[in-house]
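Before any comments, here is the structure.
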Amino acid sequence: MMINIHVQILLIILLWNSDCQIIPRIEECGLSCSQGVHCKSKPSSDIFNSFCHAAPTSLSSTILKSMKISTVIKCVQGSPCSLHLNIKGSLSLDENIRGLEICSLSLDTQQSQCTNVRFARKKSKMLNGKKVQVQFNCFEVNVAQHIYVTMKTVPNYCDVKMSQEYYVEDCKNSDVGKYIPACLAGKLDYNVERAKKIISVNVSNFLRDQDYYVRLCHKWFTCEDVGQFAVIKGKDALKSVSLKYSQLLPCLCIEGWLAVPDARRIQLCPFENDTKVLWDNIVYNPATQTLAWEPACPVLVTVNLCRLTKSNDHCEDIQNSSKHFPEKVKYSRVDTHPRLCMKFTTKQGSWVKCPFAHGEFPAWKMRTAAVADQIQVFFTSQTKAHFSVLVCNKTQLASCDSLGMHHSVSVGDSVSITMSQEMCGSTICIQGWRTDVDYSVPLQICDIHCGFRGHTYGNGSPAKAMTHRMKSMHSLH
Ligand SMILES: *[C@@H]1O[C@H](CO)[C@@H](O)[C@H](O)[C@H]1NC(C)=O
Ligand SMILES: *[C@@H]1O[C@H](CO)[C@@H](O)[C@H](O)[C@H]1NC(C)=O
Ligand SMILES: *[C@@H]1O[C@H](CO)[C@@H](O)[C@H](O)[C@H]1NC(C)=O
Ligand SMILES: *[C@@H]1O[C@H](CO)[C@@H](O)[C@H](O)[C@H]1NC(C)=O
């Protein structure tokens with residue numbers, strides 16, 4: 001048992017070590033050829049040279065023997081280290097061959113680098129058939145690049161070619177992570193000055209003589225720019241910047257990176273739990289009677305229209321109003337009643353916002369009065385409206401079962417409902433709602449007592465009473 005655990009630990013150490021393999025260092029890049037063969041290289045970019053000639057019959061097609069690729073780190077005192085491909089090829093010398101062309105193509109950027117290796121002519125004739133090793137390590141590459149390396153003869157004979165794909169080590173390699181600027185993402189410390197709407201950022205742990213960029217962004221699929229990025233100059237003594245923001249949104253992130261190609265970026269998104277601010281973005285258009293909500297950040301949320309109950313601690317969903325973002329949250333022909341609210345439900349809880357609670361939109365009221373065995377229902381409204389009235393039996397908190405008596409009425413008119421003795425009970429309610437809109441709050445007057453006392457809904461304007469309570473959000477869990 002103990003042995004087993006030890007073997008596992010050993011395996012883990014071995015696997016972990018595979019990312020920390022040592023990459024050889026060089027101070028200068030160059031070309032070398034074995035066997036005393038004199039060779040020199042010059043950069044080549046002659047794409048037309050890539051057309052091939054038929055190989056002479058005397059030429060063996062296995063003249064190119066092998067190709068091996070690895071990575072080296074070039075570090076020169078006083079400047080940042082860089083990564084280079086170390087390409088080792090071997091071939092048999094032949095009088096038909098003057099040299100080699102080695103090319104490296106980045107499969108990420110499609111950029112290529114080529115070099116032309118020439119053998120000294122006289123010597124190669126003498127060494128005909130001799131195997132020679134060519135080593136070249138001047139192609140600079142980036143961290144984690146996907147490379148395609150080819151080796152061809154000069155002249156370029158058809159079918160005499162070697163190629164290989166290669167992945168350059170990434171920042172997880174301890175040597176690369178420690179010495180290559182693109183991996184030194186830096187460390188960010190920030191401070192929010194809410195009064196000035198400024199985030200100040202201190203940067204540490206990066207190459208101090210290099211420029212460094214800091215920006216604010218909104219994270220959707222990618223992190224989208226919010227304003228300009230700031231530069232910390234390599235020569236600045238104070239590695240600090242201030243960035244202005246307009247709102248502390250949950251998707252607001254601070255990003256920092258060194259001013260070198262393909263630099264690794266460090267990202268902090270410290271406000272991701274501050275979702276409350278997202279629910280403020282409700283817009284009502286009176287011309288189209290459209291109520292819409294657009295999130296400033298991506299968020300997993302279910303949105304409902306709901307009716308705020310009299311006790312203000314519960315908002316009953318209005319049927320068929322449920323929407324799940326990223327579905328468009330837009331309701332047309334919406335009643336502007338103060339008790340019509342929007343409910344946002346996320347994993348963290350529920351929030352209710354009542355866009356019409358502040359009394360600036362037309363509201364309507366329902367009242368009842370008892371006359372003998374009749375209940376009279378009146379509607380008042382600042383605008384033209386049509387209503388439906390229903391007697392229902394409130395068997396559960398959230399549902400009122402219709403007792404089948406339906407009446408239509410316009411504003412200013414009233415409707416009389418004849419109540420029988422058995423309909424007198426505390427669970428019987430009269431429900432009214434607007435029928436000239438798609439989404440209306442059903443208002444209810446319950447507790448219709450026998451003896452027919454008059455009941456009115458609310459005292460004065462419910463809109464006014466709500467104003468104070470609904471200015472701030474209700475968090476319902
Ligand atoms: C940033 O650095 C300055 C100067 O060293 C220091 O006064 C400030 O507290 C630092 N701010 C943060 C957020 O670390
Ligand atoms: C957000 O909340 C989750 C769960 O409560 C927590 O794990 C996470 O650290 C919080 N994020 C921030 C930036 O505070
Ligand atoms: C809700 O949707 C269902 C199915 O689409 C429909 O049958 C029902 O009448 C709708 N209810 C309301 C109140 O619109
Ligand atoms: C209302 O519902 C309750 C419970 O289901 C029932 O006992 C009662 O008879 C109902 N009242 C009417 C008038 O239907």
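Here, residue 1 is the first one in the sequence, and each next residue gets the next number. Computed from a predicted model, the values in this text were never measured in an experiment. Counting starts at 1 for both ligands and their atoms, following the listed order.
Closest to atom 4 (C) of ligand 1 among all protein heavy atoms lies Leu238 CD1, 4.5 Å. Ranking protein heavy atoms by distance to atom 9 (O) of ligand 2, first place goes to Asn273 ND2, 4.8 Å. Atom 1 (C) of ligand 1 has its closest protein heavy atom at Asn202 ND2, 1.4 Å.
Minimum heavy-atom separation, Leu258 to Ala263: O-CB, 3.1 Å.
Within a 4.0 Å radius of atom 14 (O) of ligand 1, the protein has at least one heavy atom. By the definition of a contact as any protein heavy atom under 4.0 Å away, atom 11 (N) of ligand 2 is in contact.
Between Cys269 and Cys253 the SG-SG gap is short of 2.5 angstrom.
Ring to ring, Tyr284 and Phe361 are close: their centroids are under 6.0 angstrom apart. For an aromatic pair to be called close, the ring centres must be under 6.0 Å apart, and Trp279 with Phe344 satisfies this.
Each of the atoms 14 (O) of ligand 1 lies under 4.0 Å from some heavy atom of Asp189. Against a heavy-atom cut-off of under 4.0 Å, Pro270 is close to the following atoms of ligand 2: 13 (C).
A salt bridge between Asp274 and Lys276 is absent, with no side-chain N of the basic residue lying under 4.0 Å from a carboxylate O of the acidic one.
Of the options Asn393, Ile428, Leu403, the smallest heavy-atom separation from atom 3 (C) of ligand 4 is shown by Asn393.
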Any chance you could lay out the disulfide (SG to SG under 2.5 Å) test for Cys103 and Cys114, step after step, and finish with the verdict?
CA-CA 4 Å; Cys103 288; Cys114 288; 2.0 Å; yes

